[in-house]
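First the proteins, then the strands, lettered A, B, ... as listed; each starts at 1. Just so it is clear, the structure is predicted and the values come from calculations on it, not from any experiment.
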There are 2 protein chains.
Amino acid sequence: MAETSGAEHSETGERAVRRRLPPDERRRQIVDGAVAFFADVGIEGATRDLARRLGITQSLLFNYFATKEELVEAVYARVYLDRLSPDWPERLQDRSTPLRARLLAFYTEYSELIFQYEWMRIFMFSGLAGAALNRRYLDHLGKVILGPLLAELAESARSGPPPTMEDIWNLHGGIVYIGIRQHIYRMPCPDDPSVAITHAVDRFLYAFGLEAPSGAAAGVTASAARR
Amino acid sequence: MAETSGAEHSETGERAVRRRLPPDERRRQIVDGAVAFFADVGIEGATRDLARRLGITQSLLFNYFATKEELVEAVYARVYLDRLSPDWPERLQDRSTPLRARLLAFYTEYSELIFQYEWMRIFMFSGLAGAALNRRYLDHLGKVILGPLLAELAESARSGPPPTMEDIWNLHGGIVYIGIRQHIYRMPCPDDPSVAITHAVDRFLYAFGLEAPSGAAAGVTASAARR
DNA sequence: CGCAATATAGATCATTCGATCAAGAGCGAT
DNA sequence: ATCGCTCTTGATCGAATGATCTATATTGCG
């Protein structure tokens, strides 16, 4: 999270230098802080604690957001924004590139985007709360990413039963679960998930008669496939 | 959740008949209600709302649990209890049965145990809160189930790179993610996950040169493998 | 340099939270 | 029946919550 200014003090509340900031900059600082704060303690976190962490007073929050709910919405918007790159659909359907390379490129970039403390936790908090943005995101993911991905796989598949959407969700879930283990459950995880991602994608493709012969341990990994 | 008595009233608070219950029965009723309640609204849910849902007064809760935290611990204990059957380790290592059958039997039973609204959500809530029981459970799962499972797979694997713990977690995560989609995100899911589980297990085994030739669409599914 | 605009702070309100307590109500023993 | 034990209740406490308001301090502009 970008430190917008040097005015924040540590959470052990010694006095900070008072800083007057341009409104939009202050607003950005508050949203940034709120993202980090709510990711830690959940959306139910107290506005006073958030203010203390930001080094401002609680009442100031309400100068920028009429209600706490409005602030939470801003946090959701910030976190969900640009998390699904608009060019992924076409890149996933670019048949001049092998399907495996497309999959590896997508999941490498996607995992770098979402395997982050703030995103993972706020996504889970908002999911449990039934937030509208959460459902919209998952709908969009299914329609715009995983749907086309299924079509591509069905087109290329050379053996076995035809793939279903449930198979795609299984691939997706197995990969996303790395981030869940890391940031939700705080389990020790490999710092670079691309090896696990590569293996998961290869196992998946192999089952449909695609690429990755059994000895391909030295193949291109997801991290090296980054465009 | 078992309706312990007919005394509960609907949540729209019309007066209920007052019932005097034996202490342990009342306690059980409270824990049952608390499991369902906290699964819905999260651990931060108010004790007054829980009491209203149970058709009792809020103060009565504190006759059975000294603090809310104590009640929450009872909820955790109830939910986490017996969720990892003690005979799974040995059954997973019973080499008189094919590895595939062992895997399918395990994940069928396991998914039936955990793909439930209360479990899934309370597990996620407690995970986000960093509850000790959550870490203990995952430690235990890794050591007692997934560890032996890795050993079995490594023993049987006939091709490809040797399996790692990360591979096992990928299989596990892909399956568990079905429950997450269903109960955390409330997405529409197949009511019987055994087909998806079977395919996931078969893809996994196939990648290590085991069973499931490419045409095995009509094989034994997980639900039929139930012992 | 001085003034107006506004960012900021601290006190404060009403509500809700977990938790306590004395009084009342139900059930079993006699 | 009715007595007594204890389960249950409603009132209530102090702390914490979201939200408001007034007074002060700081900045930018002329």
* Asked: How would you list, by chain and number, every residue that makes a salt bridge (charged side-chain N to carboxylate O under 4.0 Å, His left out) with B:Arg181, sequence neighbours excluded?
  -> A:Glu166
* How long is the line joining CG of A:Asn63 and P of C:dA5, in whole Å? -> 18 Å
* Asked: Taking NZ, NE, NH1 and NH2 as the nitrogens, is one of them in A:Arg91 or A:Glu109 under 4.0 Å from a carboxylate oxygen of the other?
  -> yes
* Asked: In whole angstrom, what separates A:Arg52's CZ from C:dG10's P?
  -> 13 Å
* Residues which pass salt bridge (charged side-chain N to carboxylate O under 4.0 Å, His left out) with A:Asp49, listed by chain and number, not counting sequence neighbours -> A:Arg52
Extract from the structure each pairing of a protein N or O with an N or O of nucleotides 17-19 of chain C at less than 3.5 Å, listing the distance.
residue	atom	partner	partner atom	Å
C:dG18	OP1	B:Lys68	NZ	3.1
C:dG18	OP2	B:Thr47	N	3.0
C:dG18	OP2	B:Thr47	OG1	2.9
C:dG18	N7	B:Arg48	NH1	2.9
C:dG18	N7	B:Gln58	NE2	3.4
C:dG18	O6	B:Arg48	NH2	2.9
C:dA19	OP2	B:Lys68	N	2.6
C:dA19	N7	B:Gln58	NE2	3.1
C:dA19	N6	B:Arg48	NH2	3.2
C:dA19	N6	B:Gln58	OE1	2.7

* Structure fact -> Whole-Å distance, A:Leu54 CG to C:dA9 C1', equals 15 Å
* Whole-Å distance between D:dT8 C1' and B:Leu60 CG? -> 6 Å
* For the pair made of CG in A:Leu71 and C1' in D:dG18, what is the distance, rounded to whole Å? -> 12 Å
* Asked: Can you name the side-chain hydrogen bond (donor to acceptor under 3.5 Å, both in side chains) partners of A:Arg136, sequence neighbours left out?
  -> none
* Which residue pairs satisfy the ring pair (Phe, Tyr, Trp, His ring centres under 6.0 Å) criterion with at least one member in residues 37-76 of chain B, sequence neighbours excluded? -> none
* Given atom CG of A:Leu61 and atom P of D:dT20, what is their separation to the nearest angstrom? -> 13 Å
* Asked: In whole angstrom, what separates A:Leu50's CG from D:dG18's C1'?
  -> 13 Å
Validation: residues 137-146 of chain A side-chain donor-acceptor distances under 3.5 Å, sequence neighbours left out:
residue	atom	partner	partner atom	Å
A:Tyr137	OH	A:Tyr110	OH	2.5

* To do: Would you please confirm or rule out a distance under 4.0 Å between OP1 or OP2 of D:dT8 and any side-chain N or O of B:Tyr64?
  => yes
* Roughly how many Å is it from CD1 in B:Ile56 to C1' in D:dG10, rounded to a whole number? -> 14 Å
